[in-house]
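In this text, all values refer to a predicted model and were calculated from it rather than measured experimentally.
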Amino acid sequence: MIAVLAASLAAMSSTLAVGALAIRTRGSLAASLPTTDVTDPRRSPLAVIGSLPMVRRIGLRGPSLRRLEASGGPWTEREAIGAKALSAGAAALLCVLAGAWPLALPLVVLGLRLPEVWLSRLAARRLTSADREVPVLLDLLAVAVSAGLPPQAALRRAIDAAEGPLADELRLVVRATDLGGRWRDELSMAARRLGLPDLDRVVGTLTRAEALGSSLAEEVARLAADVRERRRAVATERARTAPVKMLFPLVFLVLPAFLLLTVVPVLIATVESIR
């Protein structure tokens, strides 16, 4: 049973590894092939599997779709469905071959959930990366405003100069504004979608400065300093808790190994000499 479970987990992990490799390969080919050749769903094995009539019934519900969107779109919706079907099918096939029928149902459910767990980790990593870019965006915005640009033009210049997940999300704001949307509303929607408190403060600062006519350069510079100071305090607090977190592996892992290598040989030699 344990061997079947380990083999099933290995098969499902291999499925995700193949999907991740396909994503990386598709990204590396983007510079040398036309966009239609790279992003065509018919060229992706996962998309082909996800397009099958029986597999398409798996579907992606609301939380799964939000998870896929928050992860930065490494898969299309069809590819995500194909990954779930392939992972569950690999687990079911191993259970059938090994004759471990009692484990079939839980492993199939686990196979269906494993791609979503992977997407959740990607989304959390992307959100953390976006949160780290907020102070840089504030610095760029402060420089643009100090140069005399109005708030909307300054935000555009700051987004153009920034890189990373946060800049990618804000470029969607610029694109929606170019299509006729109000930039403050689009920026507020992006802040709610990402769920970053510091980005909410940026939106509030821009809105307040435009409504009251106050100096945006001073407001942004003060906000940037406040954000950096708060993050420095959080990092200091984490550093203070590090010794407490290191206590468990030190006592239960490092210390027993040290005793086995130093004290135990001395005790064995002492006992043999007494005999």
Side-chain angles (χ1 to χ4, degrees), residues 1-25 63 67 70-72 74 83-84 86-136 164-166 195-198 227-275:
M1 291 293 183
I2 297 177
V4 174
L5 180 60
S8 301
L9 291 176
M12 290 183 286
S13 301
S14 301
T15 301
L16 294 182
V18 170
L21 182 60
I23 294 168
R24 185 168 299 180
T25 303
R67 197 176 294 116
S71 63
K84 295 177 65 174
L86 187 59
S87 179
L93 180 61
L94 285 176
C95 289
V96 170
L97 294 178
W101 294 101
L103 293 177
L105 182 59
L107 286 179
V108 168
V109 174
L110 180 62
L112 290 174
R113 290 289 301 170
L114 193 59
E116 295 189 6
V117 172
W118 184 66
L119 290 175
S120 298
R121 295 190 61 180
L122 284 182
R125 190 180 307 171
R126 186 169 181 267
L127 186 63
T128 301
S129 179
D131 187 54
R132 292 173 181 171
E133 296 167 9
V134 175
V136 179
L166 180 61
L196 300 177
D198 291 335
V227 168
R228 292 186 183 277
E229 183 64 27
R230 187 180 63 82
R231 297 191 178 204
R232 189 178 297 110
V234 172
T236 303
E237 185 65 24
R238 289 180 179 177
R240 290 176 180 173
T241 59
V244 179
K245 296 179 180 179
M246 293 172 58
L247 187 62
F248 178 81
L250 178 65
V251 172
F252 294 99
L253 299 177
V254 178
L255 187 59
F258 176 76
L259 293 177
L260 288 175
L261 291 175
T262 58
V263 179
V264 174
V266 174
L267 292 177
I268 294 175
T270 304
V271 172
E272 290 181 352
S273 63
I274 293 175
R275 292 180 180 177

How far apart are the closest heavy atoms of [X] and [Y], and which atoms are they?
X: Pro135; Y: Val227; answer: CG-CG1, 4.0 Å
X: Glu133; Y: Pro165; answer: OE2-CD, 2.9 Å
X: Arg231; Y: Asp198; answer: NH2-OD2, 2.7 Å
X: Leu255; Y: Val251; answer: CB-O, 3.6 Å
X: Leu196; Y: Val134; answer: CD1-CG2, 4.3 Å

Task: Residue list, salt bridge (charged side-chain N to carboxylate O under 4.0 Å, His left out) with Arg232, at least two apart or on another chain - done: Glu229
Could you go through residues 257-270 and list every donor-acceptor pair under 3.5 Å that involves a side-chain atom there, pairing it with any protein atom two or more places apart or in another chain?
| unit_1 | atom_1 | unit_2 | atom_2 | d |
| --- | --- | --- | --- | --- |
| Thr262 | OG1 | Phe258 | O | 2.6 |
| Thr270 | OG1 | Val266 | O | 2.7 |

Task: Donor-acceptor contact below 3.5 Å, side chain Ser87 vs main chain Lys84 - done: no
Task: Ser120 side chain to Glu116 backbone, donor-acceptor under 3.5 Å - done: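 Yes, the answer is positive, given that a donor and an acceptor are paired below the 3.5 Å cut-off.
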Open item on the list: With rounding to the nearest 0.5 angstrom, report the CG to CG distance, Leu86 to Leu114.
Closed with: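 Here the interatomic distance stands at 11.0 Å.
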Open item on the list: Quick check for you: to the nearest 0.5 Å, what is the distance between Arg126 atom CZ and Asp131 atom CG?
Closed with: 13.0 Å
